[in-house]
Protein chains: 2
Amino acid sequence: MACENLSIGDLAKATSTKVETIRYYERISLLPAPERTAGNYRSYSAAHLGRLSFIRRARDLGFSIEQVRDLLGLSDQRDRPCEAVDAIAREHLAEVKRKIRDLQALRRELDSILSQCSRGTVAECQIIEALSPTATPRGGGIRTPETE
Amino acid sequence: MACENLSIGDLAKATSTKVETIRYYERISLLPAPERTAGNYRSYSAAHLGRLSFIRRARDLGFSIEQVRDLLGLSDQRDRPCEAVDAIAREHLAEVKRKIRDLQALRRELDSILSQCSRGTVAECQIIEALSPTATPRGGGIRTPETE
DNA sequence: TGTGCACCCTGTAGCAACTACAGGGTCAAG
DNA sequence: CTTGACCCTGTAGTTGCTACAGGGTGCACA
């Protein structure tokens, strides 16, 4: 018990996490509260280091906090089948694929809008035009409504 | 002036925006405050409709609120060159491309992690393994630190 | 005339996942 | 014995909304 004894700053450095983020994870019960020193400093063990590394890796892979919480809960039940783990990862993958598709559609649209820029004045700007509703009525602009 | 006279609900329907969102845009000065009726209801003109449509379209294309603000400001200066408009769109496109790259890397990683799932117990789960730090020490789990 | 309902108003709090203070305490070096 | 780096708590800010609570307005229908 209580091996290593890392300060919060040490743990932060070891896991490339900000000190505030570690305290935040503790507040939301993602990382268990460590013991304290006489001076009320947090004192972390190797177990904390492992758990925080897991959290960071999962977060880097885009898992949400709640997904990470579920994964951590599952990883503690070593002899249960890992279907639930698989399901979480699969769901996340599906979400990532969906985002990629959406962004690619977006990129195509932005590409096409940008390709039309003739570098004239704002009045002729195809980018503004593309963003505007049903054919900008001649006379100008987006029709800034003045609060008269 | 004050043509059309749409209620906030009408404007919401016309632009597929929630009423609360319209009020929010007014609060952050993205959409100018409209005139009020005798009963203190907001009364919108066609100009408001145009501007809100522009905002929605830009937001759908993933421009941030601040970018939309800039685009609106620029679109009012009809006789200035449209380089600044072009720059905003280009920057946004670069950002979108970056996100796509990141997500594709992520997808590859998730794909590879998932392909290793042998559907055994959590103890043998390659997904958990892949998320864990430097070779999980035999004995188990992510080493949940108990607050003893 | 009432009364019911859909709509509108303001103001505040909540979401994710942190980040950034303010205003203090602790600890080791010089 | 002071300086500076670190730590503590608690609260507020970020982005872009969304969701109430607790009221007021306006119009149709009986």
Side-chain angles (χ1 to χ4, degrees), chain A residues 5-31 33-44 48 51-52 54-72 88 91-92 95-96 99 102 106 147, chain B residues 4-31 33-44 48 51-52 54-72 88 91-92 95-96 99 102 106:
Chain A
N5 291 85
L6 299 153
S7 75
I8 196 168
D10 296 338
L11 188 62
K13 246 166 252 157
T15 58
S16 311
T17 310
K18 298 213 168 166
V19 165
E20 287 97 335
T21 305
I22 296 176
R23 284 197 282 249
Y24 168 71
Y25 287 161
E26 181 180 324
R27 207 162 56 247
I28 63 169
S29 308
L30 195 60
L31 192 64
E35 297 189 57
R36 298 291 182 116
T37 66
N40 200 31
Y41 283 19
R42 287 172 179 82
S43 176
Y44 294 97
H48 285 101
R51 197 169 174 101
L52 181 54
F54 182 96
I55 293 168
R56 294 296 300 177
R57 174 104 177 93
R59 295 284 304 123
D60 282 350
L61 285 171
F63 288 94
S64 74
I65 294 276
E66 286 317 302
Q67 285 175 321
V68 176
R69 207 189 287 283
D70 290 347
L71 287 171
L72 279 168
I88 292 171
E91 198 202 322
H92 181 44
E95 210 175 299
V96 168
K99 273 189 200 160
D102 288 354
L106 196 55
T147 317
Chain B
E4 295 272 11
N5 291 86
L6 300 152
S7 75
I8 196 168
D10 296 338
L11 188 63
K13 247 166 251 158
T15 58
S16 311
T17 309
K18 300 216 168 167
V19 165
E20 286 96 336
T21 306
I22 297 176
R23 284 198 281 251
Y24 168 71
Y25 287 162
E26 181 181 323
R27 206 162 58 247
I28 63 167
S29 307
L30 195 60
L31 192 63
E35 297 189 58
R36 298 292 182 116
T37 66
N40 200 32
Y41 283 18
R42 287 172 178 82
S43 175
Y44 294 97
H48 286 100
R51 197 169 174 101
L52 182 53
F54 181 95
I55 292 167
R56 294 295 301 177
R57 174 105 178 93
R59 294 285 303 126
D60 283 349
L61 285 171
F63 287 93
S64 74
I65 294 276
E66 286 316 304
Q67 285 175 322
V68 175
R69 206 189 288 283
D70 291 346
L71 287 171
L72 280 167
I88 292 172
E91 198 204 322
H92 181 44
E95 211 175 298
V96 168
K99 274 188 197 159
D102 288 355
L106 197 54

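In what follows, chains are A, B, ... by sequence order, proteins preceding strands, each numbered from 1. A quick note: this is a predicted structure, and the numbers were derived from the prediction, not measured.
Between B/L30 and B/R51, the shortest heavy-atom contact is O-NE, 3.5 Å. Summarising the geometry of A/P34 relative to A/S43, their closest heavy-atom pair is CB-O, 3.4 Å, with the distance given to 0.1 Å. Considering every non-hydrogen atom in both A/A12 and A/V19, the closest pair reads CB-CG2, 3.9 Å.
Every residue two or more places apart in sequence or in another chain was checked for a side chain to side chain donor-acceptor pair (under 3.5 Å) with A/E95, and none qualifies. Residues passing the side chain to side chain contact (heavy atoms under 4.5 Å, CB included) test with B/R57, sequence neighbours excluded: A/E109, A/L131, B/L61. With sequence neighbours left out, B/R42 forms a side chain to side chain donor-acceptor pair (under 3.5 Å) with B/E26. With sequence neighbours left out, B/F63 forms a ring-ring contact (aromatic ring centres under 6.0 Å, His included) with B/H92. Under the side chain to side chain donor-acceptor pair (under 3.5 Å) criterion, B/R36 pairs with B/N40, not counting sequence neighbours.
A distance of 13.0 Å separates CZ of A/R27 from CD1 of A/I22, quoted to the nearest 0.5 Å.
Side chain of B/R42, nearest nucleotide from D/dT9, C/dC9, D/dC7: C/dC9.
The interatomic distance linking B/L11 (CG) with C/dC9 (P) rounds to 11 Å, in whole Å. In this structure, B/I22 places its CD1 atom 14 Å from C1' of D/dT18, rounding to the nearest Å. The distance between atom CG of B/L30 and atom C1' of D/dT15, rounded to the nearest whole Å, is 13 Å. Per the geometry, NZ belonging to B/K13 stands 7 Å off P belonging to C/dC8, to the nearest Å. Between B/I28 atom CD1 and D/dT14 atom P the separation is 12 Å, expressed in whole Å. Regarding A/E26, its CD atom lies at a distance of 15 Å from the P atom of C/dC18, rounded to whole Å. Between the CG atom of A/N5 and the P atom of D/dC6 there is a distance of 19 Å, rounded to whole Å. Here the C1' atom of nucleotide C/dA17 and the CD1 atom of A/I55 are 13 Å apart, to the nearest Å.
Contacts between residues 59-70 of chain A and DNA chain D, defined by a heavy-atom separation under 4.0 Å, are absent.
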Each nucleotide N or O in nucleotides 19-21 of chain C that has a protein N or O under 3.5 Å away: list the pair and distance.
{"from": "C/dT19", "atom 1": "OP2", "to": "A/T21", "atom 2": "OG1", "distance (Å)": "2.9"}

Worksheet, complete the sentence: In 5'-to-3' order, the base (B), backbone-only (S) or no-contact (-) status of each nucleotide in nucleotides 25-30 of chain C, using a 4.0 angstrom heavy-atom cut-off, is BBS---
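Residue pairs that meet the side-chain hydrogen bond (donor to acceptor under 3.5 Å, both in side chains) test with at least one member in residues 9-24 of chain B, sequence neighbours left out, are B/S7-B/D10, B/T15-B/T17, B/T17-B/R56.
Taking the screw axis at each terminus of the helix from C/dT1-D/dA30 to C/dG30-D/dC1 from five consecutive base pairs, the angle between the two is 30° to within rounding of 10 degrees.
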